[in-house]
Amino acid sequence: MRYQVRQGVLQSTRIISPAPISSSTLSTIQDCINNDARRLFDQNPASCDTVAWNSIINGLIRHNQVQRAHQLFDQMPVRNVVSWNTMMSGLSDPRQLHQLFLQMNRAGERPNQFTFSTLISGFLNRFHVILVPQLHALILHLGLHSNVFVASALMRGYTQLRDRHGLCHVFDDVLIKDVSTWNALVVGYMDLGFTVEAQIAFDMMPEVNIISWTTLVNGYIKNRNINQARSIFNQMTQKNVVSWTAMIKGYVQHDKYVDAIQVFISMLKSGTHPNHFTFSTLLDACAGCSMFLFGKQLHSCIFKSGMCCEVVLLTSLIDMYTKCGDIEAALCIFGCMENKNTVSWNSIIGGCARHGLAKRALREFEKMTESGVKPDHVTYINLLSACVHGGLVEEGERHFHSMGVTYGIQAAMKHYTCMVDLYGKAGALDKAEKLVKEMPFEPDAGVWGALLAACGLHSCYELGEFAANGLDNLARQNASIYSMLMKLHGEKGAWSRVIEMRNKMTETSGKKQKAGSRIEFLLIQNHK
DNA sequence: ATAGGGTTAG
């Protein structure tokens, strides 16, 4: 596929060339080999040695047949440390991983460097990361701390625990550090917000690679210094699809959509091919500022490139279409999706809500639960906001109460905001008030704002002042509070207070923000 | 026969 920008339109053309053996052909060949191995193994497992058992188990894991792998693992006559490590690499649930590790120790098998790098990696982003210091102690005891794989896993763990000293200790204990070790240090410093230290570490590195550079760029983006990120990005002598995508993502995160697209165009001009990460990011940009035409052009590029078969990308497309106003297109893609996960369902439910299709949103929710996909807290935010748009008080109440009972999802601030909004818009101000007063935490600006808006809508002075006080106490002074109170006072005929509110409003210098729109072609035309 | 560091969606 080749991409070019012609007359302001992103175009792609298919390049026909003799195909070498594709990766799918290779994996088919690999599968045949694996199947042959399986057949030999199945004929007489008893004659196979531990190495053969391990290979089979590894093959099954690589082909996502973890259950079968586990069965064979349990049947093995003799297990060695590789068997345990291989089995551990197949487990994604940290609890199972933990259990297997304990079992391994009970069986008298001594863990090695492979064990710890696998184990710790499986604990990252999970509650179990809390075990990292204990594992570190064990690693030191066994003398495995100088292994670069173990060290980088530990460094990521300490970074997640926000333990700067832990991070540095692990790094210092590695005798022969390689690029990855240094990169892990830069990532760690950046994640913990120490940009200066990260930069110093980067400057001290004996050798840097493209990953080091991208790490640095990403670090500055995470630390909200997009200009520094760009400056580093410009210094890169080599860029690949990952670094380009990171820069684009940085601009999208900072709502700088024009810059994001300009970087994308430079990327195409440099001859780097976008991948599904790049397209997801760009679709996110389209959703962010309603670039409908550009979004459709991207869809066309994705379609022609033949890459569109994966959940994340399709979900990005759905989100782009709903946020650009084309709910029909979104529903169409959603209907064709083979694998839907919680996020995909959430985006279609949210999309229906945004388009006022409250009943449809509720129906999609039913289908979601029927298909066995578990809803999460976002599902309920979207579902409840659909109820708000549709004025479906009873449905909203029912779901609000059942989310905890059926799925164990605790109602958070956002859910309460939706409910206050739902009651408020429907005129059930007594219920809205009751909910605000009985909430398990202090209401935030969103909750008070929803209540105040409801009071404005239904001319409820007493409660309106209560809500305005709540907002005031949060020191979130803004013109909308006074504008609402002004309206309420005005309806009562309390003109002196109307003037008072009016003055306060101008003091807080609240000017209504102007509505705006973007014409996507200008972005590209400007660039030419 | 086993392992690490940079980019994606609500």
Side-chain angles (χ1 to χ4, degrees), chain A residues 37 48-59 61-62 80-90 112-122 124 144 147-157 159 174 177-188 190 208-219 221-222 236 239-250 252 274-284 287 307 310-320 322-323 340-351 353-354 375-379 381-382:
Chain A
C48 293
D49 61 359
T50 308
V51 175
W53 279 86
N54 290 344
S55 309
I56 294 292
I57 290 173
N58 188 41
I61 287 170
R62 301 282 90 85
N80 63 14
V81 64
V82 179
S83 328
W84 290 96
N85 293 342
T86 308
M87 194 59 242
M88 280 170 72
S89 74
N112 66 7
Q113 60 274 36
F114 288 82
T115 319
F116 287 107
S117 71
T118 307
L119 186 68
I120 297 169
S121 301
L124 296 174
L144 299 171
N147 178 279
V148 285
F149 292 88
V150 174
S152 53
L154 278 174
M155 286 165 77
R156 287 191 64 193
T159 302
V174 182
K177 304 163 177 66
D178 67 2
V179 201
S180 297
T181 321
W182 281 94
N183 286 346
L185 183 67
V186 176
V187 173
M190 280 298 191
V208 293
N209 59 14
I210 196 161
I211 298 176
S212 325
W213 283 99
T214 312
T215 301
L216 203 61
V217 170
N218 258 320
I221 291 168
K222 267 186 209 149
M236 292 175 75
K239 300 180 181 83
N240 63 9
V241 61
V242 181
S243 34
W244 283 106
T245 305
M247 194 66 239
I248 296 171
K249 176 70 184 169
V252 176
N275 63 11
H276 58 292
F277 288 88
T278 323
F279 281 120
S280 274
T281 305
L282 288 165
L283 287 167
D284 193 24
M307 67 168 67
E310 177 254 358
V311 211
V312 177
L313 192 48
L314 289 172
T315 306
S316 304
L317 271 171
I318 290 170
D319 192 50
M320 182 278 290
T322 66
K323 288 186 178 155
K340 301 176 176 103
N341 63 17
T342 304
V343 183
S344 353
W345 283 101
N346 289 353
S347 50
I348 201 70
I349 293 172
R354 225 172 295 118
D376 66 2
H377 63 110
V378 180
T379 318
I381 293 169
N382 291 349

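All values below were derived from every heavy atom in this structure, side-chain atoms included, with hydrogens, water molecules and symmetry-related copies excluded. Computed from a predicted model, the values in this text were never measured in an experiment. Letters A, B, ... are given to chains in the order of the sequence lines, protein chains preceding strands, and every chain is numbered from 1.
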ring centroid sep under 5.5 Å plus plane angle under 30, A/Phe149 with B/dA3: yes
Selected nucleotide, minimal atom distance to A/Gln113 side chain, candidates B/dT8, B/dA3, B/dT2: B/dA3
Proximal nucleotide (of B/dG6, B/dT2, B/dA9) relative to the A/Val187 side chain: B/dG6
Sugar-phosphate only, base, or nothing, as touched by A/Asn209 at under 4.0 Å among non-hydrogen atoms: base
Under 3.5 Å side-chain donor-acceptor pair for A/Ser316 and A/Asp319: no
Nearest-neighbour nucleotide for the A/Ser243 side chain, B/dG4, B/dT2, B/dG6 considered: B/dG6
Sugar-phosphate, base or nothing in reach of A/Val179, heavy atoms under 4.0 Å: base
Side chain proximity check, A/Val311 to A/Ser344, heavy atoms < 4.5 angstrom: yes
Sugar-phosphate only, base, or nothing, as touched by A/Ser121 at under 4.0 Å among non-hydrogen atoms: sugar-phosphate
Reported CG-to-OG distance for the pair A/Leu154 and A/Ser117, which is rounded to 0.5 angstrom: 9.5 Å
Shortest side-chain distance from A/Thr214, nucleotide among B/dA1, B/dG4, B/dG6: B/dG6
Pair of N/O donor and acceptor under 3.5 Å linking B/dA9 base with A/Asn341 side chain: yes
Atom-to-atom span, CG of A/Leu185 to C1' of B/dG6 - whole angstrom: 15 Å
Closest listed nucleotide, where the reference is the side chain of A/Asn80 and the choices are B/dA1, B/dA3, B/dA9: B/dA1
Closest to side chain of A/Val242, choosing from B/dG4, B/dT7, B/dT2: B/dT7
Touch class at under 4.0 angstrom, heavy-atom based, for A/Ser89 against every strand present: nothing
Sugar-phosphate, base or nothing in reach of A/Thr181, heavy atoms under 4.0 Å: base
N or O in side chain of A/Lys249 less than 4.0 angstrom from B/dA9 OP1/OP2: yes
Distance in angstrom units between A/Glu310 CD and B/dT8 P, rounded: 13 Å
Phosphate-side-chain proximity, A/Asn58 and B/dT2, N/O vs OP1/OP2 below 4.0 Å: yes
A/Asn218 side chain, from C-beta outward: closest of B/dT8, B/dT7, B/dA3: B/dT7
base_contact_polar (B/dG4 base, A/Asn183 side chain, donor-acceptor, <3.5 Å): no
Sugar-phosphate only, base, or nothing, as touched by A/Ser316 at under 4.0 Å among non-hydrogen atoms: sugar-phosphate
Polar side chain donor-acceptor pair, A/Asn80 to A/Asn54, under 3.5 angstrom: yes
Which nucleotide in B/dT7, B/dT2, B/dG4 has an atom nearest any side-chain atom of A/Asp178: B/dG4
Candidate nucleotides B/dA3, B/dA1, B/dA9, ranked by approach to the side chain of A/Asn54 - the nearest: B/dA1
Nearest-0.5 Å distance that lies between atom CZ in A/Arg62 and atom CD1 in A/Ile57: 12.0 Å
A/Thr86 side chain, from C-beta outward: closest of B/dT7, B/dT2, B/dA1: B/dT2
Between B/dA1 (C1') and A/Asp49 (CG): distance, integer Å: 10 Å
Close side-chain approach of A/Thr322 to A/Ser347, heavy-atom, < 4.5 Å: no
